[in-house]
Novice: 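To start, I am sharing the structure in question, which I have written as structure tokens.
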Amino acid sequence: MIRMLTAVVALLVATAAPASAAPQTYADYTMMLGKNAGQVWSGGAAASQWAWIPLAPNEFEIQWGDPGAWPPSGGEHFVNDGGWVLVDGYFDHKYGTFNRQTVTEEYIGEENCLSTKAIPSNGGRQHYARWTIPATAYCLTALGTITVGANGAVVHFKHEQVWYPPAPCSNSYLGARTCIRQHERWYDDNGHDFSLSLERDQYIARGTGMAFKIHHTYDRAWPAGHAPWDAELYSTWVWQ
């Protein structure tokens, strides 16, 4: 009887369903939880750089800038709250101020962005991305204002995003990875009539970080007829 029970237990263990893998999170891809940084190359030379600065257990700053003039003068402020990555503004380290972003309308929908529903406000902070990576694409639209801390100027903006689920990706320097893709369009009236200022795709690689690949299709600062700009993550490191 003991031998039979042992055999039954062994069979049950052998045929038991494997434990479910932990859900993937936005941090698994962006590397925002640590002092992680990366350098981005375009045309065979360094073009940009990013670095995460953990500020608190659920609060983070990311800085983007010219590798030759580091550190940059500003950074974007993220908060992890309620299953979402939220944005509430931008640090201006040059003047020691904070440019407050306040969202007045937000919507979520499927990949095509045609059927959307309103997102309840979380203190006026932008719902930037879901913390847990979903299996299907989703669309986000946010409208609101940014108040410049240094002089009180107000900029109106609209941010449209589509986030795509994990898929294979690769770049010339770091090889094959798994990426989530962000397609975004940014509209504002910062010194001009309210209109499109930026459109791009960014691929963010799991365990590697931001800007694994960038395909930048429009930028207001470009001259007429400017070709799309492409860049790839060249290297990553942990800063001290």
Side-chain angles (χ1 to χ4, degrees), residues 26-27 29-56 59-79 85-101 126 128-129 146-151 153 155 157 159 161 171-174 179-188 190-191 196-205 207-223 226-240:
Y26 188 74
Y29 287 80
T30 61
M31 306 300 290
M32 67 196 299
L33 298 184
K35 294 181 176 181
N36 294 295
Q39 191 168 100
V40 181
W41 279 35
S42 180
S48 184
Q49 190 165 297
W50 55 264
W52 283 106
I53 305 173
L55 302 175
E59 188 177 353
F60 316 91
E61 177 184 354
I62 188 170
Q63 296 185 348
W64 295 84
D66 178 356
W70 196 267
S73 61
E76 192 170 4
H77 186 224
F78 288 90
V79 177
V85 180
L86 306 170
V87 174
D88 64 359
Y90 310 87
F91 294 102
D92 185 336
H93 298 299
K94 180 178 180 180
Y95 295 102
T97 57
F98 188 70
N99 301 326
R100 178 69 60 185
Q101 178 175 290
Q126 180 185 355
Y128 186 86
I146 298 171
T147 302
V148 179
N151 58 19
V155 173
F157 77 90
H159 192 199
Q161 302 182 87
N171 84 11
S172 303
Y173 305 110
L174 301 178
C179 289
I180 54 174
R181 174 164 66 102
Q182 174 203 33
H183 180 79
E184 65 174 338
R185 290 187 294 266
W186 178 273
Y187 303 76
D188 63 38
N190 187 16
L196 180 67
S197 289
L198 175 149
E199 184 168 10
R200 70 174 188 170
D201 283 280
Q202 177 188 189
Y203 295 77
I204 306 172
T208 306
M210 309 293 292
F212 186 73
K213 292 178 69 173
I214 293 177
H215 181 59
H216 197 141
T217 52
Y218 176 79
D219 196 303
R220 173 173 290 278
W222 292 347
H226 192 288
W229 182 79
D230 293 286
E232 296 181 319
L233 187 62
Y234 178 80
S235 62
T236 63
W237 65 93
V238 177
W239 63 273
Q240 301 298 324

Novice: What are the two closest heavy atoms between Tyr128 and Tyr26, and how far apart are they?
Specialist: CE2-OH, 3.4 Å
Novice: Given 3.5 Å as the limit, does a donor-acceptor pair link the side chain of Gln49 with the main chain of Gly65, or not?
Specialist: no
Novice: Apply the side chain to side chain donor-acceptor pair (under 3.5 Å) test between Asp201 and each candidate in Gln182, Lys213, Arg181, His215; give the one that qualifies.
Specialist: Arg181
Novice: About how many Å separate CG of Leu55 and CZ of Phe60, when rounded to the nearest 0.5 Å?
Specialist: 8.5 Å
Novice: Can you label the angle between the Phe98 ring and the His77 ring as parallel, tilted or perpendicular, going by 30° and 60°?
Specialist: perpendicular
Novice: Among residues at least two apart in sequence or on other chains, which ones pass ring-ring contact (aromatic ring centres under 6.0 Å, His included) with His93?
Specialist: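 His93 satisfies ring-ring contact (aromatic ring centres under 6.0 Å, His included) with Phe91 once adjacent residues are dropped.
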Novice: What I'd like to find out is whether the side chain of Met32 reaches to under 4.5 Å of the side chain of Ile62, using heavy atoms alone.
Specialist: no
Novice: Between Ser42 and Asp230, what is the shortest heavy-atom contact and its length?
Specialist: OG-O, 2.7 Å
Novice: Backbone N or O of Tyr218 within a donor-acceptor pair of the His216 side chain at under 3.5 Å?
Specialist: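 Between the backbone of Tyr218 and the side chain of His216 there is a qualifying donor-acceptor contact (under 3.5 Å).
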Novice: Would you say that Gln202 contacts Met210 through its side chain, given a criterion of any heavy-atom pair below 4.5 Å between the two side chains?
Specialist: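 Yes, at least one pair of side-chain atoms sits under 4.5 Å.
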Novice: Could you tell me which non-hydrogen atom of Ala47 sits nearest to which non-hydrogen atom of Trp229, and how far apart they are?
Specialist: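 The answer is CB-CZ2, 3.9 Å.
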Novice: Within the structure provided, determine whether His226 and Asp219 are in side-chain contact (heavy-atom separation under 4.5 Å).
Specialist: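 A side-chain contact under 4.5 Å is absent here.
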Novice: How close do Thr217 and Pro228 get, heavy atom to heavy atom, and via which atoms?
Specialist: CA-CB, 4.3 Å
Novice: Within the side chain of Asn99, is there an N or O that forms a donor-acceptor pair under 3.5 Å with the backbone of Gly149?
Specialist: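 Checking the backbone N and O of Gly149 against the side chain of Asn99, a donor-acceptor pair under 3.5 Å is found.
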Novice: Enter the distance from Asp92:CG to Thr97:OG1 here, rounded to the nearest 0.5 Å.
Specialist: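 These two atoms lie 4.0 Å from each other.
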Novice: List for me each residue that meets side chain to side chain contact (heavy atoms under 4.5 Å, CB included) alongside Ser197, sequence neighbours excluded, and say none if there are none.
Specialist: Trp186, Asp188, His192, Arg220
Novice: Rounded at 0.5 Å granularity, tell me how far OH in Tyr173 sits from CD in Gln39.
Specialist: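 Rounded to the nearest 0.5 Å, the OH-CD separation comes out at 10.5 Å.
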Novice: Judged by atom type as modelled, is there a donor-acceptor pair below 3.5 Å linking the side chain of Asn171 to the main-chain atoms of Phe212?
Specialist: yes
Novice: Roughly how far, to the nearest 0.5 Å, is CD of Gln126 from NE2 of His159?
Specialist: 6.0 Å
Novice: Testing Arg200, Glu199, Gln161 one by one against His183 for a side chain to side chain donor-acceptor pair (under 3.5 Å), which residue passes?
Specialist: Glu199
Novice: Any idea which heavy atoms bring Ala227 and Trp222 closest together, and the distance?
Specialist: O-CZ3, 3.9 Å
Novice: Would you say OH of Tyr95 has more than 12 non-hydrogen atoms from neighbouring residues, nucleotides or ligands within 6.0 angstrom?
Specialist: no
Novice: Could you pull out all donor-acceptor pairs under 3.5 Å where a side-chain atom in residues 233-240 meets a protein atom, sequence neighbours excluded?
Specialist:
residue, atom, partner, partner atom, Å
Trp239, NE1, Lys35, O, 3.4
Trp239, NE1, Trp52, O, 2.9

Novice: What is the minimum heavy-atom distance between Ile146 and Tyr90, and which atoms define it?
Specialist: CD1-CE1, 3.8 Å
